[in-house]
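All values below were derived from every heavy atom in this structure, side-chain atoms included, with hydrogens, water molecules and symmetry-related copies excluded.
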Amino acid sequence: MTDLTEGNISRQIIRLAFPLLIGNIIQQFYNTINMMIVGRYVGENAFAAVGVSGSIMNFFIAVIIGLCVGFSILFASSYGAKDYDKLRKTIFMTAVIGLGMAVILSLTGFIFVKEILHAIKTPEPLFNEGVIYLRIIFTGMIFCVFYNLNASILQAIGKTNIMLFVLLISMICNLLLNYTFVAILRLEVKGAALATISSQAISAAMCIFYIRRFIPKLKLSKADMVWDKKIFAISFKFGFTSSLQQSSLYFGKLLVQSAINALGTAAVMAYTADILIEQLLLAFGDSGAAAIAVFVAQNYGHNEIERVKNGLVKGLKLMVTTGVILSGLLFILKPVVLSLLISRTNIEVTNLALGYLSIMCIFYPLSFVANSYQGYFRGIGMIHFAFIATFSQIVIRVILIHNLTALMHLNAVALSTGIGWIAMISIQSASFYKIKRSEFKNTLNS
């Protein structure tokens with residue numbers, strides 16, 4: 001296990017972030033390749049249907065990821081304080097919460113999938129395939145919960161290299177299964193969905209095996225598997241608030257997807273391709289935010305307040321530099337990158353996608369700044385600040401998009417997103433200076 005309470009701060013953040021980054025990049029490449037397989041062997045409608053369904057799937061998964069992100073801060077704090085008894089009891093209580101959430105989400109999604117697709121104005125040619133894809137995804141939601149829960153444990157104790165290894169094996173299996181189900185067996189969108197839930201099951205099994213076999217301090221005994229009202233309360237509080245933040249972000253994306261769906265199939269295809277590229281670039285920022293959160297939480301749990309503050313400063317410098325470089329590269333290479341996802345003969349879709357990316361390349365570095373603050377707020381246990389900032393940018397973004405799309409088409413989405421990030425950073429900066437002027441209150445160990 002990795003102790004982050006001593007040593008060079010920048011080096012430790014990079015060491016944490018690098019495996020997460022590689023994992024995120026692999027994840028995004030895997031998503032892109034899977035979409036290419038669907039587009040090539042099933043057709044453009046299936047490509048667009050999986051893209052639309054993906055926005056709904058990501059919303060439900062965001063609830064789970066947010067829950068586990070909140071849990072991971074508690075794991076990291078207990079580990080930093082070297083309180084392993086509390087850590088094991090927290091793991092058990094969070095597993096109970098996660099299991100309950102999996103059941104609720106699975107049933108809700110399966111029953112109301114048609115209403116959800118109608119609510120976001122899914123084009124009729126994409127509707128039936130979207131229903132099929134999502135119902136299969138919802139049946140495998142429990143695998144998503146247990147993978148993310150165990151991955152958050154590994155991340156909290158600094159084992160991001162093991163997370164990377166698990167992800168690599170899982171993605172290889174997923175690609176093989178996706179190709180088999182879609183290209184060979186011709187199961188169409190059913191095959192894509194089955195490959196997704198299979199890879200999550202493989203990931204969960206590997207994480208559980210590694211923790212039980214190689215980290216004996218985290219192996220649960222009967223003494224750990226008891227109801228603890230205090231641990232349940234703080235776990236639920238952190239998990240719920242973090243889940244609310246993550247799900248509100250993706251709920252905003254659903255509302256954005258609704259506005260794009262109303263623009264027609266060409267806009268949906270262009271945006272689907274843009275988002276695949278965007279997610280790859282923003283994976284760098286997500287990895288940095290996660291690394292900052294773990295670093296800050298461990299040091300906060302160990303009461304190393306100066307290292308907590310320096311963690312944000314050095315993390316910001318690393319993130320902004322990365323964001324500027326990547327945005328510049330994408331601006332130059334965007335026609336080449338888009339040609340991998342959109343046929344050069346489809347001029348309308350290509351032009352729409354290029355217009356979106358041209359504007360977004362100006363704003364992408366702002367996302368890296370916002371992510372740095374998010375990691376810091378999560379790490380010190382003040383996730384309500386992270387939620388307020390996220391919710392504010394969503395409201396601004398959605399309002400602007402729904403008022404500007406008629407005038408600016410897909411470019412309205414890019415401009416509105418950038419303005420939302422500016423507002424988010426303004427709120428985060430004000431919150432940071434408010435904390436800086438006051439005394440830290442350790443909410444993680446209260």
Side-chain angles (χ1 to χ4, degrees), residues 59-81 83-105 108 144-146 148-153 155-157 218 220 224-251 289-290 292-303 308 373-392 394 427-428 431-432 434-435 438-446:
F59 170 73
F60 279 80
I61 292 177
V63 175
I64 295 169
I65 292 176
L67 198 71
C68 294
V69 166
F71 295 159
S72 71
I73 302 307
L74 298 175
F75 299 151
S77 179
S78 295
Y79 174 70
D83 190 344
Y84 301 118
D85 288 337
K86 183 179 180 181
L87 177 54
R88 288 191 298 271
K89 289 177 181 177
T90 303
I91 290 172
F92 173 71
M93 293 310 303
T94 54
V96 172
I97 296 171
L99 182 60
M101 185 61 71
V103 173
I104 293 170
L105 291 176
T108 301
C144 180
V145 168
F146 279 102
N148 280 284
L149 179 62
N150 285 279
S152 69
I153 295 170
Q155 180 175 309
I157 64 174
L218 300 187
L220 302 184
D224 301 312
M225 292 185 282
V226 294
W227 184 267
D228 189 305
K229 184 177 179 180
K230 183 178 180 181
I231 292 178
F232 174 83
I234 193 170
S235 297
F236 185 84
K237 173 188 173 184
F238 271 72
F240 178 78
T241 306
S242 181
S243 182
L244 195 61
Q245 179 203 350
Q246 291 286 329
S247 58
S248 64
L249 178 63
Y250 278 90
F251 183 73
I292 291 170
V294 172
F295 176 88
V296 167
Q298 279 202 22
N299 282 280
Y300 196 50
H302 202 254
N303 205 32
V308 168
Y373 276 116
Q374 294 294 82
Y376 171 77
F377 289 133
R378 292 202 304 263
I380 63 174
M382 296 185 178
I383 51 179
H384 56 287
F385 284 135
F387 169 69
I388 291 169
T390 299
F391 184 77
S392 299
I394 290 167
I427 294 169
Q428 290 172 323
S431 300
F432 172 73
K434 180 180 178 181
I435 294 170
S438 62
E439 293 293 326
F440 277 100
K441 178 183 177 182
N442 197 326
T443 57
L444 294 169
N445 294 316
S446 58

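Atom CD1 in I65 sits 14.0 Å away from atom CZ in F60 (nearest 0.5 Å). If you take CE on M382 and OH on Y376, they are separated by 7.5 Å, rounding to the nearest 0.5 Å. Note that NZ of K237 and NE2 of H384 are 8.0 Å apart. Values are rounded to the nearest 0.5 Å. Expressed to the nearest 0.5 Å, how far CE of M101 lies from CG of L149 amounts to 12.5 Å. Separation of atoms CD1 (I91) and CD1 (I231) is listed at 10.5 Å; rounding is to 0.5 Å. In this structure, CG on D85 lies 7.0 Å from CG on D224, to the nearest 0.5 angstrom.
A tilted orientation is assigned to the rings of F377 and F385, their planes being inclined by 30° to 60°. Taking the six-membered ring where tryptophan is involved, the planes of F75 and F71 are tilted, since the angle between them lies from 30° to 60°.
Legend: residues meeting side-chain hydrogen bond (donor to acceptor under 3.5 Å, both in side chains) with Q374, ordered by chain and number and at least two apart, are T390, Q428.
Judged by distance alone, the side chain of S431 and the main-chain N or O of I427 form a donor-acceptor pair under 3.5 Å. Judged by distance alone, with hydrogens and angles left aside, the side-chain atoms of S242 form no donor-acceptor pair with the main-chain N or O of G239 at under 3.5 Å. The backbone N or O of G379 lies less than 3.5 Å from no partner atom in the side chain of Q298, so there is not a single donor-acceptor pair. In this structure, the side chain of S248 engages the main chain of Q245 through a donor-acceptor pair within 3.5 Å. For S152 (side chain) and V69 (main-chain N/O), no donor-acceptor pair under 3.5 Å exists by modelled atom type.
Looking at every heavy atom in both residues, L220 comes nearest to R88 through CD2-O, 3.3 Å. The minimum heavy-atom distance linking L67 with G98 is given by the pair CD2-CA, 4.1 Å. Of all heavy-atom pairs spanning L87 and Y79, the tightest one is CD2-CB, 4.4 Å. The heavy-atom pair separating S72 from A156 by the smallest distance is O-CB, 3.5 Å. In terms of heavy atoms, A290 sits closest to Q155 at CB-NE2, 3.6 Å.
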Next item on the list: Apply side-chain contact (heavy atoms from CB on, under 4.5 Å) to Y300 and S77, showing your working.
Entry: CA-CA 7 Å; Y300 196 50; S77 179; 5.9 Å; no
Notebook entry, point to check: Stepwise, does the side-chain contact (heavy atoms from CB on, under 4.5 Å) test hold for L99 with V145?
Noted result: CA-CA 7 Å; L99 182 60; V145 168; 5.9 Å; no
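Considering only heavy atoms from C-beta on, I383 stays 4.5 Å or farther from F387 through its side chain.
Here the rule is side chain to side chain contact (heavy atoms under 4.5 Å, CB included) with F232, and of T94, I97, T90 only I97 fits it.
Around CZ of F391, the count of heavy atoms belonging to other residues, nucleotides or ligands within 6.0 Å does not exceed 12.
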